[in-house]
Amino acid sequence: MRLSSAFHQMIILSALLFLLCAFTSGDHLLQVAYPVPTRDSSRFDRKDTVCCKTSTTNEPQIKINSCYFLQEISKCLKSVLFIDVKNKMHCIDPTAPWLEARIKRLEENGVKCIKTKAH
């Protein structure tokens, strides 16, 4: 395909630059951080990984099914990961004042918080 003008060339180059930035952004580093169990099993799978880039001190007001302690690595924050009954992930700031009591309640109800290892 022959581009007839500098304008067309500029559009194509801009689109290529956009795609290059999209596929090399830090968000794709998520796949090298922490393994979490797959949706249908309790085993770890390297394909399903999590990186908390932000965290909250707000307590989720929903039943939690899984809990993980994530260590700081690369651009990922040290945090506690809760996965609720709707499979939504909540990245919790480990200094949240309510967190220790919530973890204790989770463990009393059979939900163990698992320490993860970075990959």
Side-chain angles (χ1 to χ4, degrees):
M1 175 170 101
R2 177 168 158 69
L3 299 177
S4 59
S5 71
F7 178 73
H8 288 106
Q9 290 175 353
M10 185 69 103
I11 290 173
I12 298 297
L13 286 173
S14 297
L16 289 173
L17 183 60
F18 173 78
L19 290 172
L20 179 66
C21 291
F23 286 107
T24 59
S25 72
D27 290 341
H28 293 282
L29 294 174
L30 302 182
Q31 298 189 359
V32 296
Y34 291 98
V36 296
T38 57
R39 191 174 288 175
D40 299 324
S41 75
S42 61
R43 66 179 176 74
F44 284 99
D45 187 345
R46 283 186 70 119
K47 294 182 298 188
D48 299 328
T49 55
V50 175
C51 175
C52 292
K53 290 191 174 188
T54 61
S55 62
T56 183
T57 57
N58 297 332
E59 184 173 5
Q61 301 300 312
I62 190 167
K63 182 179 178 186
I64 301 300
N65 284 342
S66 305
C67 174
Y68 303 91
F69 294 108
L70 304 180
Q71 299 301 315
E72 182 177 3
I73 180 174
S74 187
K75 295 180 181 180
C76 306
L77 298 174
K78 180 178 180 178
S79 56
V80 177
L81 176 69
F82 285 165
I83 301 176
D84 67 26
V85 294
K86 296 179 180 179
N87 282 327
K88 181 177 178 189
M89 296 182 188
H90 304 267
C91 293
I92 309 297
D93 183 329
T95 63
W98 52 267
L99 185 59
E100 190 175 325
R102 180 72 181 260
I103 290 173
K104 184 177 179 182
R105 285 195 318 269
L106 287 172
E107 290 179 348
E108 288 171 354
N109 292 320
V111 177
K112 291 195 76 163
C113 290
I114 299 169
K115 293 181 181 177
T116 59
K117 294 181 182 177
H119 288 275

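- Taking OG of Ser74 as the reference point, atom CD of Glu72 lies at 9.5 Å (rounded to 0.5 Å).
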- Message: What verdict does the side chain to side chain contact (heavy atoms under 4.5 Å, CB included) test give for Ile92 and Trp98, after you've listed the backbone C-alpha separation in whole Å, the side-chain angles of each residue and the deciding distance to 0.1 Å?
- Response: CA-CA 10 Å; Ile92 309 297; Trp98 52 267; 3.5 Å; yes
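- With rounding to the nearest 0.5 angstrom, the SG atom of Cys51 is 7.5 Å from the CG atom of Leu77.
- Glu107 approaches Cys113 most closely through the heavy-atom pair OE2-N, 3.9 Å.
- Contact record, Asn65 with Asp84: ND2-O, 3.9 Å, taken as the closest heavy-atom pair.
- Ser79 places no side-chain N or O within donor-acceptor distance of the main-chain N or O of Asp93, the cut-off being under 3.5 Å.
- The side chain to side chain contact (heavy atoms under 4.5 Å, CB included) test applied to Lys104 returns Glu108, not counting sequence neighbours.
- To the nearest 0.5 angstrom, Ser66 atom OG is 8.5 Å from Leu81 atom CG.
- With sequence neighbours excluded, the residues that form a side chain to side chain donor-acceptor pair (under 3.5 Å) with Glu59 are Arg102, Arg105.
- Here the closest heavy-atom approach between residue Cys91 and residue Thr54 is recorded as CB-O, 3.3 Å.
- Taken from CD1 in Ile73 to NZ in Lys78, the straight-line distance is 14.0 Å, to the nearest 0.5 Å.
- Results of the side chain to side chain contact (heavy atoms under 4.5 Å, CB included) test with Pro60 over Thr56, Ile62, Asn58 single out Ile62 as the only residue that passes.
- Between Leu70 and Cys52, the closest side-chain pair of non-hydrogen atoms falls below 4.5 Å.
- Contact annotation: the side chain of Val50 never approaches that of Tyr68 to less than 4.5 Å [non-hydrogen atoms, C-beta and beyond].
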